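As the structure is a prediction and not an experimental result, all values here were calculated from the model. Values below: all heavy atoms of this structure, side chains included; hydrogens, waters and symmetry mates excluded. The chains referred to below are lettered A, B, ... by the order of the sequence lines, with proteins before strands, and numbering in each begins at 1.
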Amino acid sequence: MKIATYNVNGVNGRLPVLIKWLNEAQPDVVCLQELKAPQEKFPLSAIEDAGYKAIWHGQKSWNGVAILSRGDQPEEVRRALPGDPEDVHSRYLEAEINGITIGCLYLPNGNPAPGPKFDYKLGWFDRLITHGKQLLKAGKPTILTGDYNVMPTEQDVYKPERWLDDALFRPEVRSAFKKLIDQGWTDAIRKLYPDETIYTFWDYFRNAYGRNAGLRIDHFLLSPDIDRRLKAAGVDKHVRGWEKTSDHAPVWIELKEK
DNA sequence: ATGTCAGGCCTCGCCTGA
(Lines give C-alpha, C1' and ligand atoms only; values in the text may rest on other atoms or scores of the structure.)
Protein backbone atom coordinates (compact mmCIF):
# COMPACT_ATOMS: atom_id res chain seq x y z
CA MET A 1 0.00 0.00 0.00
CA LYS A 2 1.44 3.33 -1.07
CA ILE A 3 0.40 6.52 0.68
CA ALA A 4 1.49 10.00 -0.39
CA THR A 5 1.24 13.61 0.71
CA TYR A 6 1.48 16.58 -1.63
CA ASN A 7 1.10 20.28 -0.98
CA VAL A 8 -0.19 21.23 -4.42
CA ASN A 9 -0.30 25.00 -3.89
CA GLY A 10 -3.59 25.45 -5.77
CA VAL A 11 -5.42 22.29 -6.86
CA ASN A 12 -6.91 23.86 -9.98
CA GLY A 13 -3.82 25.71 -11.15
CA ARG A 14 -1.90 22.49 -10.50
CA LEU A 15 -4.36 20.04 -12.01
CA PRO A 16 -2.26 18.88 -15.02
CA VAL A 17 0.76 18.34 -12.77
CA LEU A 18 -1.33 16.53 -10.15
CA ILE A 19 -2.93 14.18 -12.70
CA LYS A 20 0.39 13.48 -14.42
CA TRP A 21 1.96 12.61 -11.07
CA LEU A 22 -1.00 10.42 -9.98
CA ASN A 23 -0.72 8.44 -13.21
CA GLU A 24 3.01 8.06 -12.80
CA ALA A 25 3.23 7.34 -9.06
CA GLN A 26 -0.01 5.36 -8.68
CA PRO A 27 -0.41 5.98 -4.94
CA ASP A 28 -3.30 4.19 -3.22
CA VAL A 29 -4.00 7.08 -0.88
CA VAL A 30 -3.09 10.75 -1.27
CA CYS A 31 -3.31 13.65 1.17
CA LEU A 32 -3.40 17.05 -0.52
CA GLN A 33 -2.84 20.44 1.07
CA GLU A 34 -3.24 24.05 -0.03
CA LEU A 35 -6.15 23.40 -2.37
CA LYS A 36 -6.73 27.18 -2.55
CA ALA A 37 -10.23 26.45 -3.80
CA PRO A 38 -13.69 26.81 -2.29
CA GLN A 39 -15.60 23.59 -1.57
CA GLU A 40 -17.55 23.73 -4.86
CA LYS A 41 -14.48 24.34 -7.02
CA PHE A 42 -12.71 21.09 -6.15
CA PRO A 43 -11.94 19.31 -9.47
CA LEU A 44 -13.71 16.08 -8.50
CA SER A 45 -14.44 14.74 -11.99
CA ALA A 46 -10.81 15.04 -13.12
CA ILE A 47 -9.72 13.24 -9.97
CA GLU A 48 -12.38 10.55 -10.42
CA ASP A 49 -11.25 10.13 -14.03
CA ALA A 50 -7.75 9.48 -12.69
CA GLY A 51 -9.25 6.65 -10.63
CA TYR A 52 -9.71 8.21 -7.20
CA LYS A 53 -12.52 8.74 -4.76
CA ALA A 54 -12.12 11.86 -2.63
CA ILE A 55 -13.20 13.83 0.37
CA TRP A 56 -12.09 17.43 0.77
CA HIS A 57 -12.52 20.54 2.82
CA GLY A 58 -12.13 23.62 0.68
CA GLN A 59 -11.91 27.29 1.54
CA LYS A 60 -11.92 30.43 -0.55
CA SER A 61 -8.40 31.70 -1.41
CA TRP A 62 -6.36 29.80 1.16
CA ASN A 63 -5.76 26.47 2.83
CA GLY A 64 -7.89 23.46 1.91
CA VAL A 65 -7.12 19.75 2.40
CA ALA A 66 -8.26 16.56 0.64
CA ILE A 67 -7.88 12.80 0.96
CA LEU A 68 -7.93 10.66 -2.21
CA SER A 69 -8.25 6.89 -2.37
CA ARG A 70 -7.98 4.45 -5.27
CA GLY A 71 -9.88 1.71 -3.45
CA ASP A 72 -12.52 2.29 -0.82
CA GLN A 73 -14.19 5.64 -0.39
CA PRO A 74 -12.39 7.48 2.44
CA GLU A 75 -14.67 7.35 5.47
CA GLU A 76 -14.55 10.80 7.01
CA VAL A 77 -13.89 10.96 10.76
CA ARG A 78 -13.48 14.73 11.27
CA ARG A 79 -12.84 17.87 9.27
CA ALA A 80 -11.22 20.11 11.86
CA LEU A 81 -8.69 19.73 14.61
CA PRO A 82 -10.51 19.60 17.97
CA GLY A 83 -9.94 22.29 20.55
CA ASP A 84 -10.93 25.60 18.97
CA PRO A 85 -14.44 26.07 17.54
CA GLU A 86 -13.41 29.61 16.48
CA ASP A 87 -10.76 28.29 14.09
CA VAL A 88 -12.30 28.34 10.61
CA HIS A 89 -9.18 27.51 8.57
CA SER A 90 -9.58 24.28 6.59
CA ARG A 91 -6.33 22.66 7.64
CA TYR A 92 -7.23 19.21 8.94
CA LEU A 93 -9.14 16.27 7.53
CA GLU A 94 -9.22 12.78 9.01
CA ALA A 95 -10.52 9.60 7.42
CA GLU A 96 -10.41 5.85 7.76
CA ILE A 97 -9.28 3.84 4.76
CA ASN A 98 -8.58 0.11 4.84
CA GLY A 99 -8.56 0.08 8.65
CA ILE A 100 -6.00 2.89 8.81
CA THR A 101 -6.76 6.29 10.33
CA ILE A 102 -5.27 9.01 8.15
CA GLY A 103 -4.91 12.59 9.34
CA CYS A 104 -4.17 15.05 6.54
CA LEU A 105 -2.85 18.32 7.90
CA TYR A 106 -1.65 21.72 6.80
CA LEU A 107 0.02 23.30 9.77
CA PRO A 108 0.05 27.14 9.71
CA ASN A 109 3.17 28.78 8.26
CA GLY A 110 3.37 31.23 11.17
CA ASN A 111 5.44 34.00 9.61
CA PRO A 112 6.15 36.71 10.52
CA ALA A 113 7.43 35.62 13.91
CA PRO A 114 6.87 36.77 16.52
CA GLY A 115 3.29 37.96 15.99
CA PRO A 116 -0.32 36.81 15.86
CA LYS A 117 0.32 34.39 12.99
CA PHE A 118 3.09 32.76 14.93
CA ASP A 119 0.84 32.53 18.00
CA TYR A 120 -1.82 30.88 15.84
CA LYS A 121 0.77 28.37 14.62
CA LEU A 122 1.85 27.47 18.16
CA GLY A 123 -1.78 27.16 19.28
CA TRP A 124 -2.57 24.92 16.32
CA PHE A 125 0.49 22.82 17.10
CA ASP A 126 -0.66 22.44 20.71
CA ARG A 127 -4.04 21.19 19.52
CA LEU A 128 -2.29 18.74 17.16
CA ILE A 129 -0.19 17.45 20.07
CA THR A 130 -3.33 16.96 22.15
CA HIS A 131 -5.09 15.20 19.29
CA GLY A 132 -2.02 13.11 18.49
CA LYS A 133 -2.02 11.80 22.02
CA GLN A 134 -5.70 10.86 21.73
CA LEU A 135 -5.04 9.05 18.46
CA LEU A 136 -2.24 6.97 19.97
CA LYS A 137 -4.37 6.25 23.00
CA ALA A 138 -7.18 5.04 20.74
CA GLY A 139 -4.67 2.46 19.52
CA LYS A 140 -5.68 2.22 15.87
CA PRO A 141 -3.11 2.10 13.07
CA THR A 142 -2.69 5.82 12.35
CA ILE A 143 -0.78 8.12 10.01
CA LEU A 144 -0.46 11.88 10.53
CA THR A 145 0.86 13.38 7.33
CA GLY A 146 1.01 16.65 5.49
CA ASP A 147 2.75 20.00 5.41
CA TYR A 148 3.97 20.57 8.98
CA ASN A 149 5.76 23.82 8.10
CA VAL A 150 8.63 22.82 10.37
CA MET A 151 12.17 21.64 9.73
CA PRO A 152 12.69 19.27 12.67
CA THR A 153 16.51 19.58 12.82
CA GLU A 154 19.42 21.42 11.21
CA GLN A 155 19.80 18.45 8.91
CA ASP A 156 16.50 19.42 7.29
CA VAL A 157 17.44 22.87 6.01
CA TYR A 158 20.11 23.94 3.53
CA LYS A 159 21.42 26.86 5.59
CA PRO A 160 20.19 26.50 9.16
CA GLU A 161 21.84 29.72 10.37
CA ARG A 162 19.66 31.76 8.02
CA TRP A 163 16.43 30.24 9.30
CA LEU A 164 16.89 30.60 13.06
CA ASP A 165 14.31 33.38 13.41
CA ASP A 166 11.89 31.98 10.85
CA ALA A 167 8.55 30.55 11.99
CA LEU A 168 9.44 27.25 10.27
CA PHE A 169 12.56 26.75 12.35
CA ARG A 170 12.28 28.70 15.61
CA PRO A 171 13.05 26.69 18.75
CA GLU A 172 9.41 26.76 19.94
CA VAL A 173 8.27 25.05 16.73
CA ARG A 174 11.05 22.47 16.65
CA SER A 175 10.36 21.64 20.26
CA ALA A 176 6.63 21.26 19.50
CA PHE A 177 7.49 18.81 16.72
CA LYS A 178 9.75 16.89 19.10
CA LYS A 179 7.00 16.81 21.71
CA LEU A 180 4.67 15.25 19.15
CA ILE A 181 7.29 12.69 18.04
CA ASP A 182 8.09 11.80 21.63
CA GLN A 183 4.52 10.61 22.16
CA GLY A 184 5.54 7.57 20.13
CA TRP A 185 5.29 8.60 16.48
CA THR A 186 7.90 7.62 13.90
CA ASP A 187 9.20 10.13 11.33
CA ALA A 188 9.16 7.69 8.38
CA ILE A 189 11.65 9.44 6.10
CA ARG A 190 14.16 10.04 8.90
CA LYS A 191 13.86 6.45 10.11
CA LEU A 192 14.74 5.01 6.70
CA TYR A 193 17.31 7.68 5.80
CA PRO A 194 18.89 8.77 9.10
CA ASP A 195 21.92 10.47 7.55
CA GLU A 196 20.76 11.77 4.18
CA THR A 197 19.92 15.29 3.17
CA ILE A 198 16.29 15.08 2.05
CA TYR A 199 14.12 18.05 1.11
CA THR A 200 10.44 18.27 0.22
CA PHE A 201 10.16 22.01 -0.57
CA TRP A 202 12.16 24.44 -2.68
CA ASP A 203 11.26 28.12 -2.78
CA TYR A 204 10.21 29.64 -6.09
CA PHE A 205 12.72 32.42 -5.41
CA ARG A 206 16.39 32.56 -6.31
CA ASN A 207 16.50 29.31 -8.29
CA ALA A 208 16.18 27.36 -5.03
CA TYR A 209 15.44 24.06 -6.78
CA GLY A 210 18.40 24.43 -9.18
CA ARG A 211 20.69 25.09 -6.21
CA ASN A 212 19.00 22.39 -4.09
CA ALA A 213 18.37 25.07 -1.46
CA GLY A 214 15.51 23.13 0.09
CA LEU A 215 13.67 22.38 3.28
CA ARG A 216 12.18 19.17 4.69
CA ILE A 217 8.78 20.29 5.96
CA ASP A 218 6.35 17.61 4.67
CA HIS A 219 6.35 14.66 7.03
CA PHE A 220 4.90 11.21 7.63
CA LEU A 221 4.31 10.40 11.29
CA LEU A 222 3.44 6.76 11.92
CA SER A 223 1.85 5.06 14.90
CA PRO A 224 3.79 1.99 16.19
CA ASP A 225 1.77 -0.63 14.28
CA ILE A 226 2.15 1.30 11.01
CA ASP A 227 5.85 1.77 11.73
CA ARG A 228 6.20 -2.02 11.87
CA ARG A 229 4.74 -2.23 8.35
CA LEU A 230 7.01 0.48 6.86
CA LYS A 231 8.73 -0.89 3.77
CA ALA A 232 9.93 2.17 1.82
CA ALA A 233 9.66 5.95 1.69
CA GLY A 234 10.79 8.72 -0.60
CA VAL A 235 10.32 12.11 -2.21
CA ASP A 236 9.31 12.45 -5.87
CA LYS A 237 11.81 15.27 -6.24
CA HIS A 238 11.69 15.39 -10.04
CA VAL A 239 8.07 16.60 -9.91
CA ARG A 240 9.39 19.89 -8.49
CA GLY A 241 11.22 20.34 -11.80
CA TRP A 242 8.09 20.13 -13.96
CA GLU A 243 6.49 23.12 -15.65
CA LYS A 244 3.85 24.98 -13.62
CA THR A 245 4.71 22.88 -10.59
CA SER A 246 4.12 23.36 -6.86
CA ASP A 247 6.92 24.60 -4.60
CA HIS A 248 6.57 21.27 -2.74
CA ALA A 249 7.33 17.78 -4.07
CA PRO A 250 5.17 14.72 -3.27
CA VAL A 251 6.36 12.52 -0.40
CA TRP A 252 5.33 8.87 -0.06
CA ILE A 253 5.62 5.71 2.02
CA GLU A 254 4.99 2.06 1.20
CA LEU A 255 3.54 -0.34 3.75
CA LYS A 256 3.67 -4.11 3.88
CA GLU A 257 0.31 -5.81 4.00
CA LYS A 258 -0.60 -6.80 7.57
C1' DA B 1 15.52 43.79 0.83
C1' DT B 2 15.30 40.62 -2.68
C1' DG B 3 12.93 36.96 -5.34
C1' DT B 4 8.20 33.90 -7.68
C1' DC B 5 3.94 32.01 -7.54
C1' DA B 6 -1.58 31.60 -7.00
C1' DG B 7 -6.01 33.51 -6.16
C1' DG B 8 -9.20 37.24 -5.80
C1' DC B 9 -10.82 41.86 -5.77
C1' DC B 10 -9.68 47.10 -5.43
C1' DT B 11 -11.06 43.03 -11.55
C1' DC B 12 -6.60 42.99 -17.33
C1' DG B 13 -3.36 45.45 -12.37
C1' DC B 14 -2.57 45.33 -7.66
C1' DC B 15 -3.01 43.17 -3.15
C1' DT B 16 -2.02 39.19 0.21
C1' DG B 17 -0.07 34.83 1.80
C1' DA B 18 3.50 31.82 1.32
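Glycosidic conformation of B:dC12: syn, with the torsion inside 90° of 0.
With 3.5 Å as the limit, one finds no donor-acceptor pair spanning the side chains of A:Asp187 and A:His219.
The interatomic distance linking A:Trp202 (CH2) with B:dA18 (C1') rounds to 17 Å, in whole Å. Spacing between atom CG of A:Leu215 and atom C1' of B:dA18 amounts to 12 Å, rounded to whole angstrom units. What separates CZ of A:Phe205 from P of B:dA1 is a distance of 14 Å, to the nearest Å. Atoms CZ (A:Arg240) and P (B:dT4) sit 13 Å apart, rounded to a whole Å. We find that CD of A:Glu243 is positioned 14 Å from C1' of B:dT4, with the value rounded to whole Å. Rounded to whole angstrom, the span from the NE2 atom of A:His89 across to the P atom of B:dG17 amounts to 10 Å. Distance, A:Asn109 CG to B:dA18 P: 5 Å, rounded to whole Å.
Sorted by residue number, the list of members of residues 161-177 of chain A with any non-hydrogen atom under 4.0 Å from DNA chain B is empty.
Salt-bridge check for A:Glu96 with A:Lys140: passed, with a basic side-chain N closer than 4.0 Å to an acidic carboxylate O.
With sequence neighbours excluded, the residues that form a side chain to side chain contact (heavy atoms under 4.5 Å, CB included) with A:Asp28 are A:Met1, A:Lys2, A:Arg70. With sequence neighbours excluded, no residue forms a ring pair (Phe, Tyr, Trp, His ring centres under 6.0 Å) with A:His57. Every residue two or more places apart in sequence or in another chain was checked for a side chain to side chain contact (heavy atoms under 4.5 Å, CB included) with A:Ala80, and none qualifies. Contacts of A:Lys178 classified as side chain to side chain contact (heavy atoms under 4.5 Å, CB included), with partners at least two apart in sequence or in another chain: A:Asp182. The ring pair (Phe, Tyr, Trp, His ring centres under 6.0 Å) test applied to A:Tyr209 returns A:Trp202, not counting sequence neighbours.
Sorted by first and then second residue, the ring-ring contact (aromatic ring centres under 6.0 Å, His included) pairs with a member in residues 72-99 of chain A read A:His89-A:Tyr120, A:Tyr92-A:His131; sequence neighbours excluded. Residue pairs that meet the side chain to side chain donor-acceptor pair (under 3.5 Å) test with at least one member in residues 223-232 of chain A, sequence neighbours left out, are A:Thr186-A:Asp227, A:Lys191-A:Asp227, A:Ser223-A:Asp225.
Remark: the separation of the C1' atoms in B:dT11 and B:dC15 is 12 Å, to the nearest Å. Of the C1' atoms belonging to B:dC10 and B:dT16, the separation is 12 Å, rounded to the nearest Å. Going from the P atom of B:dC14 to that of B:dG3 covers 16 Å, rounded to whole Å. With both ends at atom C1', the span from B:dC12 to B:dG7 equals 15 Å, rounded to whole Å.
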- Item | Nucleic acid footprint by protein, nucleotides 5-15 of chain B - heavy-atom cut-off 4.0 Å, B for base, S for sugar-phosphate alone | SSSSS------
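Between A:Asp203 and A:Glu34, the residue whose closest nucleotide on DNA chain B is further toward the 5' end is A:Asp203.
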